[in-house]
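Chain letters run A, B, ... following the sequence lines, proteins first and then strands; every chain starts at 1.
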Amino acid sequence: MVHPMGPWAEPAMGREGTLRSLAEAARRALRQWRTPADLEEARSLQWTLARQVRTEDGPACWRWVLGLDSAFVEGGRRIVAGAVLWDAAQRTTVHRWVALADVEFPYVPGFLSFRETPGYLRVMTQVDHPVDVLIVDGQGTAHPRGFGIACHIGVLLDWPTVGVGKSRLFGRHEAPAPNAGQWVPLWHPRTGAVIGAVLTTRPRTQPVYVSPGHRVSLERAIAIVLDCCDGYRLPEPQRQADQWVRQMRSQVSEKDPRP
DNA sequence: GCGACAG
DNA sequence: ATCTTGTCGC
């Protein structure tokens, strides 16, 4: 459960953990990155890396939450990746970063991470501030092979991550009550395992799909998302990252008009 | 074979 | 995701 002193008592990564740099981890992952040549290779990699996913919780605190989102430019040839650091204790935005990257993989349901991860890793190489957990726009374990983009990024960086999708990719579920905080489990169609939660974050509003990415349990993932919500459907880090990339996208578009 | 299908 | 105007409801 939650730490007796509340979610902001100590850094989520622990004293030692915060000494680790997210930027450094991102640079390492970026050097190792290699885009699969085809779906077979991508699928094989997902099955392999999925075994590295851990859904055990670390210290119960999530003061600094980094929201990630992206937008496409130049007819979808390049991607604008944005990161917004949210201080859950002060309820304020600490800083925002952007990065531009080439898109080298097509969008195929179930393989989103191969398309968007490079951009996210690039933005994160600039994050020079402690980060407790990452909120990624998309699924975590709520994926056909249990390896959505939130898991992929979490494993590559070995960092706590939570996946928050605006729609469903995989799994069955009933409709959650239309009250903020209400949720229902998202079940694996064949194994019956709980792979995520369908959470109502705002009254009478479409729910979001929450699932663990890495080093976070489903219960913790739900608590983090709810704690970051501020009256809108999406948790603040993600909502602001969405606005941020949209703003940067239009800025990039006017500077270099679509050919 | 026929749907479903994150962003 | 992106292409696009107005419109219904709290």
With 3.5 Å as the limit, what N/O pairs link the protein to nucleotides 7-10 of chain C?
| from | atom 1 | to | atom 2 | distance (Å) |
| --- | --- | --- | --- | --- |
| C/dC10 | O3' | A/Arg204 | NH2 | 3.4 |

> Taking a hydrophobic cluster as the set of Ile, Leu, Val, Met, Phe, Trp and Tyr residues connected by side-chain heavy atoms closer than 4.5 Å, whether directly or through intermediates, do A/Ile153 and A/Val127 fall within one such cluster?
Replying inline: yes
> With a 4.0 Å cut-off on heavy atoms, is A/Gly110 in touch with a base, just the backbone sugar-phosphate, or nothing at all?
Replying inline: base
>> Looking only at side-chain N and O atoms, does A/Thr161 offer a donor or acceptor that is under 3.5 Å from a partner on A/Trp159?
In response: no
> Heavy atoms under 4.0 Å, any strand shown: does A/Gly148 hit a base, just sugar-phosphate, or nothing?
Replying inline: base
> Is there a donor-acceptor contact under 3.5 Å from the side chain of A/Trp97 to the main chain of A/Gln126?
Replying inline: yes
>> What is the distance, to the nearest angstrom, from the CE atom on A/Met248 to the P atom on C/dT2?
In response: 15 Å
> Across the strands shown, which category fits A/Ile149 at heavy-atom distances under 4.0 angstrom: base, sugar-phosphate, nothing?
Replying inline: base
> Between which nucleotides of DNA chain B, read 5' to 3', does contact with chain A run, using atoms under 4.0 Å from its heavy atoms?
Replying inline: B/dA4 to B/dG7
> CD1/A/Ile79 to OH/A/Tyr120 distance, rounded to the nearest 0.5 angstrom?
Replying inline: 6.0 Å
> Pick from A/Trp183, A/Tyr209, A/Trp187: which one makes a side chain to side chain donor-acceptor pair (under 3.5 Å) with A/His173?
Replying inline: A/Tyr209
>> Over all strands shown, is A/Tyr107 touching base, sugar-phosphate only, or nothing at heavy-atom distances under 4.0 angstrom?
In response: base
> Does the side chain of A/Arg239 come under 3.5 Å of the side chain of A/Gln243 through a donor N or O and an acceptor N or O?
Replying inline: yes
> Under 3.5 Å, is there a donor-acceptor pair between the A/Asp69 and A/Gln238 side chains?
Replying inline: no
> Rounded to the nearest Å, what distance is computed from the CZ atom of residue A/Arg115 to the P atom of nucleotide C/dA1?
Replying inline: 12 Å
> Given A/Asp57 and A/Ser217, is the side-chain hydrogen bond (donor to acceptor under 3.5 Å, both in side chains) satisfied, shown in steps?
Replying inline: CA-CA 6 Å; A/Asp57 285 319; A/Ser217 67; 2.7 Å; yes
>> Classify A/Ala142 by what it touches in the nucleic acid, base, sugar-phosphate, or nothing, heavy-atom distance under 4.0 Å.
In response: nothing
> Salt bridge between A/Glu40 and A/Arg43, side-chain N to carboxylate O under 4.0 Å?
Replying inline: yes
> Which residues within residues 166-180 of chain A lie with some heavy atom under 4.0 Å of an atom in DNA chain B?
Replying inline: A/Lys166, A/Ser167, A/Arg168, A/Leu169
> Rounded to the nearest Å, what distance is computed from the CZ atom of residue A/Arg77 to the P atom of nucleotide C/dT2?
Replying inline: 15 Å
> Which part of the nucleic acid, if any, lies within reach of A/Phe111 when heavy atoms closer than 4.0 Å are counted: base, sugar-phosphate only, or nothing?
Replying inline: base
> Is there a side chain to side chain contact (heavy atoms under 4.5 Å, CB included) between A/His152 and A/Glu116 once you walk through the steps?
Replying inline: CA-CA 11 Å; A/His152 202 152; A/Glu116 307 190 337; over 6 Å; no
> Between A/Arg77 and A/Asp102, does at least one N-O distance fall below 4.0 Å, as a salt bridge requires?
Replying inline: no
